[in-house]
Amino acid sequence: MNVHELEVDSVLKNYGGVQVLTNVYLQCKTGDVVGLLGRNGSGKSTLLKIIFGSVDTPDKSIRIDKKVYPEPYREKKLVAYLPQHSFLPKGISLKRIAAIFLEDRERKEAVLGNERIKKHINKTATALSGGERRYFEVLLLVNLPVRFVLLDEPFSAIEPLYKEAIQELIYQYKSEKGFIITDHDYRSIIEVSNRLILLSNGVCRHIKRTQELEELNYLPKGTLTKEGKQQAGDITPQEDTPFEADEQTLRDLGLFDSTQEGSLYSIFAGTRTKGGRNALDRILCSPSQSLEVLEARSDAIRYMQENRPDLLIDRKQVEFVEHYITSTIHLLRKNYLDAFLTHVKNSYNLSNDYYIITTGIRNTVGFIKYLENLLPQFQHEHTPHALSHLCFRVQNILSKREVKELVASYADERMHFFRIGEYDYSLRQVIKNDVLELLDFLYKLDAYVAVASTAESLQLTYPEYLNSPEPTVEIQGLFHPMVQHAVPNDFTIRQAQNLCFLTGANMSGKSTFLKSFGLCIYLAHVGFPVPASGMRTTVFNGIITTINLSDNINKGYSHFYSEVRRVKETAVKLKKNKKLVVIFDELFRGTNVKDASDASLMIIAALSNIQTSLFLVSTHIVEIAEELKKHRNIFFACFDTKLQDQVPVYDYRLKEGVSKESLGLHIVRNEGIVELLAEASQEQTATPARNS
C-alpha cells in the first residue's frame with residue numbers, strides 16, 4: 001500500500017480585520033482519520049476550503065507527498081471535498097450522477113450496487129431523505145481516485161442509521177485514503193477518528209486525551225467523564241432540591257410585593273426583554289439547596305460582571321419572534337398556485353395574519369443570525385461550565401442542517417412568495433422547539449446580565465459555598481441594599497455557637513440587621529451575589545423568619561396567638577429539616593412582660609439544643625440574658641445607643657454583649673406626645689365654656 005502524506009502549514013486567514021486562522025499546522029497520512037473540532041466561527045470550514053483550494057489566502061503551504069499545491073482541487077487525483085450543503089444536481093437520477101462523477105467502471109458499479117443505494121438509483125437526489133442523500137455523496141467521494149477526502153459536517157442532522165453507515169464507509173476506505181472530518185456531532189467525530197484536533201483561537205491543538213476537550217472548555221464539564229451531571233439551567237427537578245422559604249419569610253425579607261415594584265426584586269429587574277424578566281422571576285423564585293446548581297449559576301453571573309458582554313438586544317425583534325413562533329395562525333400552503341393566490345390577495349389588501357407571518361420570518365431569521373454573531377463572545381476556555389453547557393446546546397441548534405439551510409436560502413430584501421410557505425412551515429413546525437430554546441437562552445443571558453449589572457452598581461459580592469455538614473455563615477461588610485449609606489457589619493455564626501441573642505434599643509438597627517442577614521442567606525441560595533463584602537456559607541435546607549408578623553382577623557387570631565402558631569410551625573420544620581436558618585425578631589411581643597419573658601426563655605433554651613441549625617433571636621427582654629449565659633452555644637450581640645444632649649445617637653455597629661440602654665420612654669417623651677394630649681384636653685375643656 002502506498003502511503004501518502006498531506007501537510008498543511010503556516011496558514012493565516014483574516015476576515016474583515018478578524019484573524020480566523022493563525023499559523024495553522026496539521027498533517028494527515030493514508031489510513032488517518034483526523035477529526036477537526038471547534039466552535040461555530042472557529043474556522044473549520046474555512047480551513048478545509050483552503051486545503052481543497054477553493055478559498056485563497058496568501059499565507060499557506062499545502063504539500064502532498066512533499067510537493068506544494070496552491071490549489072489541490074485542480075489536480076483531479078489529489079483531494080475531494082464534501083461541502084456542508086448538498087452538491088448533487090437536483091433533476092438528475094442517481095444513476096446518471098454516478099456516471100458523471102465516476103470514470104472508473106468498477107467504481108461506478110460498486111456505487112450503484114451498494115445495498116443502501118441500489119433501490120434508489122432511478123430517483124433524483126431530492127427524492128432521498130437527508131441521511132440517504134448524505135450517504136450517497138460520501139459514497140461518491142470515497143470512490144473517486146483521490147488520496148485525501150475532506151468531509152465538512154457529514155453527520156449533521158441525519159438519521160442515526162446513516163451516521164453509522166457513513167462511519168462504516170470511512171473505516172472501509174481509510175486503508176487507501178486519508179480523511180479530515182469536521183462536524184458538530186462530536187461523538188461521531190470521536191468514534192471515527194484516530195486523531196483529534198481542536199481548532200481554537202485560530203490554532204490547532206492536538207488532543208491526546210478526550211478529557212482535554214472538557215479541560216479546554218470545548219465540551220461542558222462532565223460530558224465525557226463520570227462527573228457527567230447537567231449544569232445550572234439544565235438541572236432536572238429530581239436533582240435540584242428546592243430551598244424552603246415560605247410566604248411569611250418572603251414578606252419579612254421584602255423580596256416581593258403584590259406588584260413586584262418597590263421591593264428588593266426591583267433592584268435586579270434591569271432586564272431588556274419581557275422574556276428576560278420572566279427568566280429572572282423563575283430564578284429568583286427558585287432557591288436551591290444543590291451546591292452544583294448554586295455554584296454554576298453564581299459563576300455564570302460573575303462571568304457576566306467580569307466580561308461585561310454587550311448583548312445588543314433588539315427588544316422588538318425578539319418579542320415579535322416569540323409572538324410569531326407561538327402564534328396559532330394557520331400555516332401557509334406550500335404549493336405554487338396557493339402561494340401565488342395568497343401573495344396576490346395580500347398585495348392589494350394585506351391581512352394581519354400574512355403580515356405576522358412575513359414579518360415573523362424576517363425577524364426570526366435575523367434573530368438566528370444575531371445569535372450566530374453573539375455566541376463566540378461566550379465561547380472561551382475561561383467560560384464557566386454552566387454557561388459553556390448552554391452555549392454548546394445553542395451551537396448544536398445553530399449547526400442543524402435545517403437551520404443552516406433556512407438561513408442560507410433566505411433573501412432578506414425580497415422574499416419570493418413561493419418560499420414564504422416553506423419558511424413558515426420550517427420555522428413553526430420543523431424547528432419551532434429549537435427557536436423557543438434559542439429564545440430561552442437569550443432570556444437567561446438577559447437575566448444574568450441584569451443581575452451582574454446590579455452586583456456592579458451596588459458592590460455586591462459572590463458567596464463562597466462550603467461543602468461541610470456543619471452549619472456555618474461568615475459575613476464581612478453586611479449591609480441592606482435598600483438603606484442609603486448603610487453601615488456595614490461583620491457577623492459569624494457556626495455550630496459551636498449557633499444561637500445569637502440580639503439586643504438593642506428601639507431604632508438601633510436590630511430588625512434591619514436581621515433582614516439583611518436573612519436576605520444574604522436567601523440570595524446565596526438562589527446563586528445571586530449578596531449585599532456584603534464577603535460571605536462564606538454552608539448550604540442549608542431552608543430559612544424561616546418572624547419579623548413582621550401580624551394578627552389574623554379572618555381566623556380570629558390575636559397577635560400573640562399568631563406568634564405562638566409561628567413558633568410551632570418553626571418547630572415542625574426543624575423536626576423535618578436538619579439544617580435551617582431561623583430568625584425571630586422580638587419573640588412574644590403580643591403578651592404581657594411576665595409571660596413574654598418566661599416564654600422567650602423557654603423557647604430560646606429549647607432552640608439552643610438543636611445544633612444542626614442556626615438561630616438569631618432579638619428581644620427587648622434583656623433580663624433573661626443572665627439565665628441564658630449557662631448555655632455554651634448561645635452568644636450575645638447588641639447595637640448600642642448613646643444620648644447626646646438628650647438626643648439618641650445610633651452608630652448601627654454590632655458589638656458583643658447585651659445592651660443596657662432603654663430608650664423607648666425617652667423617645668416617647670422627645671416626640672412631645674404627652675404635651676399634645678394635654679393641649680387637646682385643654683381645648684376640649686375650653687370649648688363648652690365658650691359655648692355656654
Side-chain angles (χ1 to χ4, degrees), residues 1-14 20-38 42-85 87 100-104 106-108 110-111 137-155 166-167 169-183 189 192-199 202-208:
M1 179 185 73
N2 293 327
V3 176
H4 300 286
E5 182 182 40
L6 166 66
E7 289 182 285
V8 183
D9 194 7
S10 305
V11 177
L12 300 173
K13 185 61 179 176
N14 184 296
V20 178
L21 299 173
T22 305
N23 202 24
V24 165
Y25 175 82
L26 66 83
Q27 179 191 58
C28 180
K29 294 182 179 180
T30 304
D32 279 344
V33 181
V34 180
L36 184 62
L37 297 170
S42 60
K44 304 184 300 299
S45 296
T46 299
L47 179 57
L48 292 190
K49 291 174 183 177
I50 289 173
I51 296 171
F52 185 59
S54 58
V55 168
D56 192 28
T57 179
D59 302 292
K60 67 176 181 181
S61 176
I62 311 298
R63 301 186 296 274
I64 298 177
D65 296 334
K66 306 302 181 182
K67 183 178 178 180
V68 175
Y69 292 92
E71 296 176 317
Y73 75 90
R74 293 185 180 277
E75 305 289 334
K76 293 184 179 181
K77 296 185 178 182
L78 293 181
V79 180
Y81 170 61
L82 175 75
Q84 292 182 11
H85 60 274
F87 63 81
I100 293 172
F101 274 82
L102 302 172
E103 297 177 358
D104 187 278
E106 289 186 7
R107 293 284 186 173
K108 181 171 61 177
V111 169
E137 289 175 332
V138 175
L139 183 62
L140 282 177
L141 295 186
V142 296
N143 278 281
L144 289 172
V146 295
R147 303 173 190 176
F148 298 95
V149 178
L150 314 177
L151 303 178
D152 194 352
E153 298 196 12
F155 307 113
I166 291 173
Q167 288 185 19
L169 283 180
I170 294 169
Y171 287 134
Q172 179 182 346
Y173 286 88
K174 73 175 185 177
S175 61
E176 59 185 66
K177 303 178 191 298
F179 289 83
I180 300 177
I181 311 174
T182 183
D183 204 293
I189 291 292
V192 77
S193 302
N194 66 305
R195 287 171 47 214
L196 289 174
I197 293 176
L198 178 63
L199 189 57
V203 177
C204 287
R205 297 173 181 255
H206 294 266
I207 304 300
K208 296 180 180 179

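Count residues from 1 along the sequence. Everything numeric in this text was worked out from a predicted model, so none of it was measured.
Not a single donor-acceptor pair under 3.5 Å links the side chain of D32 to the backbone N or O of V34. Side chain of D65 to backbone of E5: a donor-acceptor contact under 3.5 angstrom is found. In this structure, K60 contributes its side chain and P70 its backbone to a donor-acceptor pair below 3.5 Å. Put simply, the side chain of K76 never gets that close to the backbone of V146: no donor and acceptor are under 3.5 Å apart. The backbone N or O of L82 sits nowhere less than 3.5 Å from a side-chain atom of E137 that would complete a donor-acceptor pair. Side-chain atoms of D9 never come within 3.5 Å of backbone atoms of Y25 as a donor-acceptor pair (strictly under, hydrogens ignored). Formation of a donor-acceptor pair under 3.5 Å by the R74 side chain with backbone atoms of G53 is not found in this model.
To the nearest 0.5 Å, the span separating NZ on K177 from CG on L144 amounts to 7.0 Å. A distance of 9.5 Å separates CG of L37 from CG of L199, quoted to the nearest 0.5 Å. Taking NZ of K108 as the reference point, atom CG of L140 lies at 12.0 Å (rounded to 0.5 Å). In this structure, I207 CD1 and L36 CG are separated by 11.0 Å, a value rounded to the nearest 0.5 Å. Atom CD of Q84 sits about 6.5 Å away from atom NZ of K49, to the nearest 0.5 Å. Taking OG of S45 as the reference point, atom CZ of F52 lies at 13.5 Å (rounded to 0.5 Å).
Within a 6.0 Å sphere centred on CD of E71, heavy atoms belonging to other residues, nucleotides or ligands number more than 12. Residue Q172 places its CD atom among more than 12 non-hydrogen atoms of other residues, nucleotides or ligands, all under 6.0 Å distant.
Residues I51 and P72 form no side-chain contact, since every pair of their non-hydrogen atoms from C-beta on lies 4.5 Å or further apart. In this structure, N23 and S10 have side chains that are in contact, with non-hydrogen atoms separated by less than 4.5 Å. In this structure, the side chains of P83 and D152 stay at 4.5 Å or more apart for every pair of heavy atoms.
Among all heavy-atom pairs drawn from I181 and P154, the shortest one is CG2-CG, 3.7 Å. Between V24 and G202, the shortest heavy-atom contact is CG2-O, 3.3 Å. Taking both residues in full, the closest heavy atoms of V142 and L139 are given as CG2-O, 3.3 Å, listed atom of the first, atom of the second, then distance.
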Checklist entry - Stepwise, does the side-chain contact (heavy atoms from CB on, under 4.5 Å) test hold for R147 with L6? => result CA-CA 9 Å; R147 303 173 190 176; L6 166 66; over 6 Å; no
Next on the checklist: Walk me through whether I180 and L26 qualify under side-chain contact (heavy atoms from CB on, under 4.5 Å).
Outcome noted: CA-CA 10 Å; I180 300 177; L26 66 83; 3.7 Å; yes
Checklist entry - What do the steps show when you test F155 against I189 for side-chain contact (heavy atoms from CB on, under 4.5 Å), and what is the final call? => result CA-CA 9 Å; F155 307 113; I189 291 292; 4.2 Å; yes
Next on the checklist: Between I62 and V79, does the side-chain contact (heavy atoms from CB on, under 4.5 Å) criterion hold? Intermediate values first, please.
Outcome noted: CA-CA 11 Å; I62 311 298; V79 180; over 6 Å; no
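Aromatic ring pairs are classed by plane angle as parallel below 30°, tilted from 30° to 60° and perpendicular above 60°; the pair H4 and F148 is perpendicular.
The only member of L151, T30, L141 that meets side-chain contact (heavy atoms from CB on, under 4.5 Å) when paired with F179 is L151.
Salt-bridge formation is detected for the pair E7/K66: a Lys NZ or Arg NE/NH1/NH2 atom is positioned less than 4.0 Å from an Asp or Glu carboxylate oxygen.
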